[in-house]
Chemist: 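Can you read through this structure? Questions will come right after.
Chain identifiers are assigned alphabetically (A, B, ...) following the order of the sequence lines, protein sequences preceding nucleic acid strands; residue numbering begins at 1 within each chain.
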4 protein chains.
Amino acid sequence: MTAEVTGLRADARRNRDQIVAAAKQWFAVQGPDVPMEEIARAAGVGVGTLYRRFPDREALIRAVVRESLTISVAEARAALAEEPTAWQALVRVLRQSRELRLIVRLTTAAQPAKTIVKDDEESSELRRAMIEVLDNVVHAAQAEGALRTDVDTGDVSMLFTLLVRPVPLQDEETAELARERCTALVLDGLRAHTGTPLPGRPLTAADVGL
Amino acid sequence: MTAEVTGLRADARRNRDQIVAAAKQWFAVQGPDVPMEEIARAAGVGVGTLYRRFPDREALIRAVVRESLTISVAEARAALAEEPTAWQALVRVLRQSRELRLIVRLTTAAQPAKTIVKDDEESSELRRAMIEVLDNVVHAAQAEGALRTDVDTGDVSMLFTLLVRPVPLQDEETAELARERCTALVLDGLRAHTGTPLPGRPLTAADVGL
Amino acid sequence: MTAEVTGLRADARRNRDQIVAAAKQWFAVQGPDVPMEEIARAAGVGVGTLYRRFPDREALIRAVVRESLTISVAEARAALAEEPTAWQALVRVLRQSRELRLIVRLTTAAQPAKTIVKDDEESSELRRAMIEVLDNVVHAAQAEGALRTDVDTGDVSMLFTLLVRPVPLQDEETAELARERCTALVLDGLRAHTGTPLPGRPLTAADVGL
Amino acid sequence: MTAEVTGLRADARRNRDQIVAAAKQWFAVQGPDVPMEEIARAAGVGVGTLYRRFPDREALIRAVVRESLTISVAEARAALAEEPTAWQALVRVLRQSRELRLIVRLTTAAQPAKTIVKDDEESSELRRAMIEVLDNVVHAAQAEGALRTDVDTGDVSMLFTLLVRPVPLQDEETAELARERCTALVLDGLRAHTGTPLPGRPLTAADVGL
DNA sequence: TATGAATGAGTTTTCATTCAT
DNA sequence: AATGAATGAAAACTCATTCAT
């Protein structure tokens, strides 16, 4: 995200950004296996250009993940800084999920992607930053008495991961509503006071590998 | 599930079943794009045999979905019949999720699958049967006072769909625990009495298209 | 050469042989980089067929080298067995060079091929067999007093390697004659006493195109 | 070598020379197919600059061949002028083979190169000059009684061509020795009476890796 | 009928060459 | 004039599907 893109000529830089943007869109709808040529076309460049910038599919996925993670971390930090309560920050993070959705989509695909993030130092660092923010939010929300205390960051991110998955419904409007309601319901389940104790022990971020 | 498989010689029938079984296994781990030859090999037959029975990949997916749906419906009915309360039936359905997981995996894959079910009369019928059972369970659980009344079958199946998605965690043990805890937490959210009212209106089965 | 090709259906076997034959021809004239599709076309099959039998270019090269080495070893043994003197056997080996030429061509190419032979057990074994025969021929020829005694098998095979290289001359007839004369001259150099007349006529610069 | 390079600004001229030098190095190790960008990088210029100077690969090869031929001719003339006997001049030419080796490498490559020289007037002229010198050397050596009289320049250059080919041996030291011994042996074959001892020691099969 | 061979279209990737900066 | 970005055609390889045995 830094050395990699600095010092490009203006037009090259623009192309690079268009490629990443196109990749994000296609990855979001089709997963990480979309034909490279499709992405190139969507970016308005030839395949060759794509390959000059990203030597192979992995490199492109890596770039997309980095960018999405960067944005996600920033969004989470903003939520924590701006919302009056940690609980509200939690809710906001959960709703600001466009980028997260993409990351989950990519890192969840059967074939290639989990490893890509694991093996990339920059991604790993971003991942750590993300965990840190989440930890803060979760523990603060518990300190507020808003979040049940038998969960930990791992549980919360697990639930995020599930909620964030693409919901393949015919019309986007219903899909949106469904997502809203599921989110609300899960938040309800996360609220303090509630019901039955959860099985096992709170899962930490380390437990779930995020 | 009927005309299609009746009147086959015993060995042909056995082949067919092995193919479907192999497909279920591969689809479960790799999604609907596994090489046909992989499936054939796992079934212990040649590709030719596979294609004699299932003219193309769609036909095979359709057969798998039908079989899984059939089992799922039966399981759901059994739960309703055998559990003392509708709530417990609901919980059991949610936990007996192996077949459901496969269906979700197949019908949410980007490329081919949603349509397959839509366009197949037998699957549609099974789907309707499934909805009927779920409707019964849901409304009975609400009548019992166990399930919150601002949800409907669509919400419930939506949540099922989410929970049932494969959770890509390193070790299977933690994955299982995570799944358990998420399920418990969602069930908590579904319990009557609870928290904040959900946005919008209860989603029916028709709303979510299952 | 054995397990690999046994038990193929008659037609498959025929195809396999045609592919190897086509590869030998193309490799001989163009080196190991000929487009796979060219080879497939020459063999009268689709690329797919070629790749079914030989998973990648290396596998094909390996098969060709094995076959050529096998033939070369057999030829060398036949020469040793049938010629009245070891010297004559040496001469015959040096002239029966079609297969050897191919091997040299392949194992000499800059890019890929040397390693292929090194890493292949069957090829290595054949190579050892070849060396053994050559050792026998060389030492017997020295014992006869025909071959100078300040050389050994390495020198001889080095000279073979050089002589066997493709001579890119316009017309094949002159090329053949040139090869003959070079061979004769080198044999002269290898003789214990030296001095036989060369066949044909002196070749002018124009004859050989340099 | 003349019109083409005259009238270039000093820095342009320097670029051109660096490109040719880089090309010579790469061609010598990888043959005429090295990626143009590799050559440009080695020359410390962009591809664009390379293409400004040499419209396509052929033009570059042509330039390299011209330069090497020019040097070779000069070397051969120097040998003839400076050595006490024509035979010694012949030997020296055969040993001063770096440039010759490159020419042979380029002009014997399968794909493009033979024609390039044929179709280039300047190269053809150099070729003729080369032949003339060789003719002189050869005939003078025969007049001296040193070179056998049943060969002519074509035979000699054929032998040069063979000896000059890259010898793919593991370590460069052995390769050098092998080349020396082969050269000596061929010279022996070329001698009017024959019979000098070879340098070094007999090479075993293991020595040369075949 | 079962088998596995053959086909060929679809994808990824590379690189010579052209062109904008 | 120099640079390096963009292009697109070519080559390797995979796999769904058809067909001969």
Chemist: Would you indicate, yes or no, if E:dT13 has its OP1 or OP2 atom less than 4.0 angstrom from a side-chain nitrogen or oxygen of A:Y51?
Modeler: yes
Chemist: Could you report the tightest heavy-atom contact between B:R66 and B:T70, atom names first, then the distance?
Modeler: O-OG1, 2.7 Å
Chemist: Please round to the nearest 0.5 Å and tell me the distance separating atom CD of C:E99 and atom CD of C:E67.
Modeler: 7.0 Å
Chemist: Once you round it to whole Å, what is the distance between C1' of E:dA5 and CD of C:Q18?
Modeler: 14 Å
Chemist: What's the CZ-C1' distance between A:F54 and E:dT13, to the nearest Å?
Modeler: 16 Å
Chemist: What is the separation between atom CG on D:L50 and atom P on E:dC15, rounded to the nearest whole Å?
Modeler: 15 Å
Chemist: Starting from C1' on F:dT17, measure out to CD1 on B:I39 and report it in whole angstrom.
Modeler: 14 Å
Chemist: When you measure from the side chain of A:R53 to the backbone N and O of A:L60, does any donor-acceptor pair fall under 3.5 Å?
Modeler: no
Chemist: Quick one: D:W26 CH2 to E:dC15 C1', roughly how many Å, whole number?
Modeler: 15 Å
Chemist: Does OP1 or OP2 of F:dA5 have a side-chain N or O of A:R14 closer than 4.0 Å?
Modeler: no
Chemist: Looking at A:R16, does any N or O in its side chain come under 4.0 Å of the phosphate oxygens OP1/OP2 on F:dA5?
Modeler: no
Chemist: Do any side-chain nitrogens or oxygens of A:T49 fall under 4.0 Å of OP1 or OP2 in F:dA5?
Modeler: no
Chemist: Using the side-chain heavy atoms of C:M36, tell me which of these nucleotides is nearest: E:dT11, E:dT21, F:dA12.
Modeler: F:dA12
Chemist: F:dA16 base to B:R57 side chain: any donor-acceptor pair below 3.5 Å?
Modeler: no
Chemist: With DNA chain F as reference, determine whether C:V47 or B:V47 sits nearer its 5' end, using the nearest nucleotide of each.
Modeler: C:V47
Chemist: If we check side chain to side chain donor-acceptor pair (under 3.5 Å) with D:R13, which of these qualifies: D:D17, D:N15, D:D11?
Modeler: D:D17
Chemist: Using heavy-atom distances to pick each residue's nearest nucleotide on DNA chain E, tell me which of A:P55 and B:G44 is more 5'.
Modeler: B:G44
Chemist: Distance check needed: E:dA16 P versus D:L60 CG, whole Å only.
Modeler: 11 Å
Chemist: On DNA chain E, check which nucleotide each of D:G48 and A:V34 is closest to and give me the residue with the more 5' one.
Modeler: A:V34
Chemist: Taking only the side-chain nitrogens and oxygens of A:R52, find out if one of them lies under 4.0 Å from OP1 or OP2 of F:dA5.
Modeler: yes
Chemist: Assuming nearest nucleotide by heavy-atom distance, tell me which of C:D56 and D:G46 is located more 5' along DNA chain F.
Modeler: D:G46
Chemist: Counting just side-chain N and O atoms, does B:N15 come under 4.0 Å of either OP1 or OP2 of E:dA2?
Modeler: yes
Chemist: What does E:dA16 pair with, Watson-Crick or G-U, if both distances are under 3.5 Å?
Modeler: F:dT7
Chemist: Within the structure, does a side-chain N or O atom of B:R41 lie under 4.0 Å from either OP1 or OP2 of E:dG4?
Modeler: no
Chemist: What is the distance, rounded to the nearest whole Å, between atom CD of C:E37 and atom P of E:dA6?
Modeler: 16 Å
Chemist: Could you tell me the Watson-Crick or G-U partner of F:dT21, where both distances fall under 3.5 Å? Say none if there is no partner.
Modeler: E:dA2
Chemist: State whether the number of non-hydrogen atoms from other residues, nucleotides or ligands found under 6.0 Å of B:Q18 atom CD is greater than 12.
Modeler: yes
Chemist: Write down the distance between CD (D:Q30) and P (E:dC15), rounded to a whole number of angstrom.
Modeler: 11 Å
Chemist: Base, sugar-phosphate, or nothing for A:V45, non-hydrogen atoms under 4.0 angstrom?
Modeler: sugar-phosphate
Chemist: So which atom in D:L69 and which in D:R127 form the shortest heavy-atom distance, rounded to 0.1 Å?
Modeler: CD1-N, 4.3 Å
